[in-house]
There are 2 protein chains.
Amino acid sequence: MEKYDILKLDNQICFPLYALSRKVIQLYKPLLDKYNLTYTQYIIMLVLWEEEKISIKELGEKLFLDSGTISPVVKKLVKQGLLEKFRFKEDERIVMVKLTEKGKEIKEEIVEIPEKLYRNFEGDKEALFQLKENLDKILAEFDEKS
Amino acid sequence: MEKYDILKLDNQICFPLYALSRKVIQLYKPLLDKYNLTYTQYIIMLVLWEEEKISIKELGEKLFLDSGTISPVVKKLVKQGLLEKFRFKEDERIVMVKLTEKGKEIKEEIVEIPEKLYRNFEGDKEALFQLKENLDKILAEFDEKS
DNA sequence: TATAATTAAATTGCGTTCAACTTAATTTAT
DNA sequence: ATAAATTAAGTTGAACGCAATTTAATTATA
């Protein structure tokens, strides 16, 4: 490998991840638009459909997002009537979030989204394979060292 | 698999991609801060170090970013003295970008970043393996269908 | 050849994403 | 018990990322 090959876009692990991640989020968009949800709002709802009730902090830990991102998005979901916020009585610093009835109801419809998405995804199979190749390369390097 | 399992965060292909992509970009940050580059600025520079001279449109095609994202970032790189913009004489709609001397010079130093990054990355090996597992699962499903 | 359609960049506006800071509540350590 | 430190949310500001629009240049067409 030449000295500067390591700087080539396709040889980096990060770029394929970054590009594919954005592309998949774009695939979600038309499916989520029907429910007036952004991708970030969607993954917050995913957590709530698993947990029923959770603090902002735990939500952030699950999604690897900090309160600066989550607080305003949750605020919008509350405004849309999908979530409710209340303070945890035993520790008033903690803000809890839970589903409203409306929030519970749309789960039924949203469950179809991942299936539809996988069908839409066929066209990006190549990007997936490219990513897998890079991943395998990186992981192989780690194995060599250890 | 239960009906709603498909809605679980870890069973989705998108979420691990999305979370890991952000995490890797965060790993780049301290390394890029020294050169006053953001990740987006960095990948634009990566293209220029491969191409020497390229139009905004082609740059966007390589990075899967549109002019709405690229134009303002290129403007900043020009202000920082790393790039130069000029119009393509044969078609004045096209704006070309090329490296300045300063832009060429920092390539020498930046070439060390990917190596450093891989070392920092050891800690996130697990996230990589998790992603690889999900990828393999998805790709296996595609194989079944075809 | 005028006019319409297309194309490349740039701009605008909205929604994140993240670092840094603020505020309020709770713990810890005098 | 009270001051200091810590913690959880929220706010602010900078930088994307993208859809939609605008502007200018070029190409196609009536």
Side-chain angles (χ1 to χ4, degrees), chain A residues 14-15 17-30 32-33 35-45 54-80 83 85-97, chain B residues 14-15 17-30 32-33 35-45 54-80 83 85-97:
Chain A
C14 190
F15 179 70
L17 264 176
Y18 160 81
L20 187 58
S21 163
R22 283 186 295 113
K23 188 180 268 187
V24 180
I25 288 173
Q26 285 178 46
L27 287 179
Y28 271 102
K29 197 172 180 313
L32 291 173
D33 275 352
Y35 306 99
N36 263 306
L37 291 175
T38 63
Y39 179 73
T40 315
Q41 290 169 359
Y42 168 68
I43 58 175
I44 288 177
M45 292 306 289
I54 195 171
S55 70
I56 298 291
K57 180 184 182 331
E58 290 168 315
L59 193 52
E61 285 165 357
K62 277 195 179 289
L63 301 177
F64 307 105
L65 291 170
D66 78 354
S67 67
T69 302
I70 290 185
S71 291
V73 181
V74 163
K75 193 187 266 182
K76 266 170 230 156
L77 289 168
V78 169
K79 197 188 276 181
Q80 289 180 40
L83 298 183
K85 279 199 304 190
F86 58 97
R87 284 192 183 270
F88 183 57
K89 283 285 166 284
E90 280 74 29
D91 184 342
E92 294 272 349
R93 289 173 302 185
I94 297 173
V95 171
M96 304 290 294
V97 192
Chain B
C14 189
F15 180 70
L17 263 176
Y18 160 82
L20 188 57
S21 162
R22 283 185 295 111
K23 190 181 267 187
V24 180
I25 289 172
Q26 285 178 46
L27 286 180
Y28 270 101
K29 196 172 181 310
L32 291 172
D33 275 351
Y35 306 99
N36 264 304
L37 290 174
T38 64
Y39 180 72
T40 316
Q41 291 169 0
Y42 169 68
I43 58 175
I44 289 177
M45 292 305 290
I54 196 171
S55 71
I56 298 291
K57 181 183 181 333
E58 290 168 316
L59 193 52
E61 284 165 358
K62 278 194 180 286
L63 300 177
F64 308 104
L65 290 170
D66 77 354
S67 66
T69 302
I70 290 186
S71 290
V73 181
V74 163
K75 193 187 267 182
K76 266 170 230 155
L77 288 168
V78 169
K79 197 189 275 180
Q80 289 179 41
L83 298 183
K85 278 199 308 191
F86 58 97
R87 284 195 183 268
F88 182 54
K89 283 284 165 282
E90 280 74 28
D91 184 341
E92 294 272 349
R93 289 172 301 184
I94 298 172
V95 171
M96 305 289 295
V97 192

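Chain letters run A, B, ... following the sequence lines, proteins first and then strands; every chain starts at 1.
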Under a 4.0 Å heavy-atom criterion, DNA chain C is touched by chain A from dG15(C) to dT26(C)
Mind running side chain to side chain contact (heavy atoms under 4.5 Å, CB included) on Leu83(B) and Ile44(B) for me, showing each step along the way? CA-CA 10 Å; Leu83(B) 298 183; Ile44(B) 289 177; 4.2 Å; yes
With respect to the phosphate group of [N], does any side-chain polar atom (N or O) of [X] fall under 4.0 Å of OP1 or OP2?
| X | N | value |
| --- | --- | --- |
| Ser71(A) | dT11(D) | no |
| Lys75(A) | dT11(D) | yes |
| Lys85(A) | dG10(D) | yes |
| Tyr39(A) | dG17(D) | no |

Contact class for [X] (heavy atom, under 4.0 Å): base, sugar-phosphate, or nothing?
| X | value |
| --- | --- |
| Ser67(B) | base |
| Ile70(B) | nothing |
| Gln41(B) | sugar-phosphate |
| Phe88(B) | nothing |

Among residues 19-27 of chain B, which ones have heavy-atom contacts with DNA chain D below 4.0 Å? none
Whole-Å distance separating the [atom1] atom of [X] from the [atom2] atom of [N]:
| X | N | atom1 | atom2 | answer |
| --- | --- | --- | --- | --- |
| Arg93(B) | dT27(D) | CZ | C1' | 7 Å |
| Arg87(B) | dA24(D) | CZ | C1' | 8 Å |
| Ile94(A) | dG10(D) | CD1 | P | 12 Å |
| Ile56(B) | dT23(D) | CD1 | P | 20 Å |
| Ile43(B) | dA15(D) | CD1 | C1' | 13 Å |
| Lys76(A) | dT11(D) | NZ | P | 12 Å |
| Glu61(A) | dT7(D) | CD | C1' | 12 Å |

Run the side chain to side chain contact (heavy atoms under 4.5 Å, CB included) check on Cys14(A) and Tyr28(B) step by step: do they pass? CA-CA 9 Å; Cys14(A) 190; Tyr28(B) 270 101; 3.4 Å; yes
If you round to the nearest 0.5 Å, how far is [atom2] of [Y] from [atom1] of [X]?
| X | Y | atom1 | atom2 | answer |
| --- | --- | --- | --- | --- |
| Phe88(B) | Arg93(B) | CZ | CZ | 11.0 Å |
| Ile25(B) | Phe15(A) | CD1 | CZ | 10.5 Å |
| Glu61(A) | Ile70(A) | CD | CD1 | 9.5 Å |

Starting from the 5' end of DNA chain C, give me the residue, Asp91(A) or Thr69(A), whose nearest nucleotide shows up first. Thr69(A)
Of Gly68(B) and Thr38(A), whose nearest nucleotide on DNA chain C comes first from the 5' end? Gly68(B)
Assign each of Lys29(A) and Pro72(A) to its nearest nucleotide of DNA chain D by heavy atoms, then name whichever residue's nucleotide is nearer the 5' end. Pro72(A)
Does the pair Glu58(B) and Lys62(B) meet the rule for a salt bridge (Lys or Arg N to Asp or Glu O under 4.0 Å), with working shown? CA-CA 6 Å; Glu58(B) 290 168 316; Lys62(B) 278 194 180 286; over 6 Å; no
Determine, stepwise, if the pair Leu77(B) / Leu37(B) fulfils side chain to side chain contact (heavy atoms under 4.5 Å, CB included). CA-CA 9 Å; Leu77(B) 288 168; Leu37(B) 290 174; 3.9 Å; yes
Exactly one candidate in Leu20(A), Leu63(A), Leu17(A), Ile43(A) meets side chain to side chain contact (heavy atoms under 4.5 Å, CB included) with Tyr18(B); the answer is Ile43(A)
Can you sort out the partners of Lys76(A) under salt bridge (charged side-chain N to carboxylate O under 4.0 Å, His left out), two or more places apart, ordered by chain and number? none
Side chain to side chain contact (heavy atoms under 4.5 Å, CB included), that's the test. Do Arg22(A) and Leu65(B) meet it? Break it down for me. CA-CA 10 Å; Arg22(A) 283 186 295 113; Leu65(B) 290 170; 3.2 Å; yes
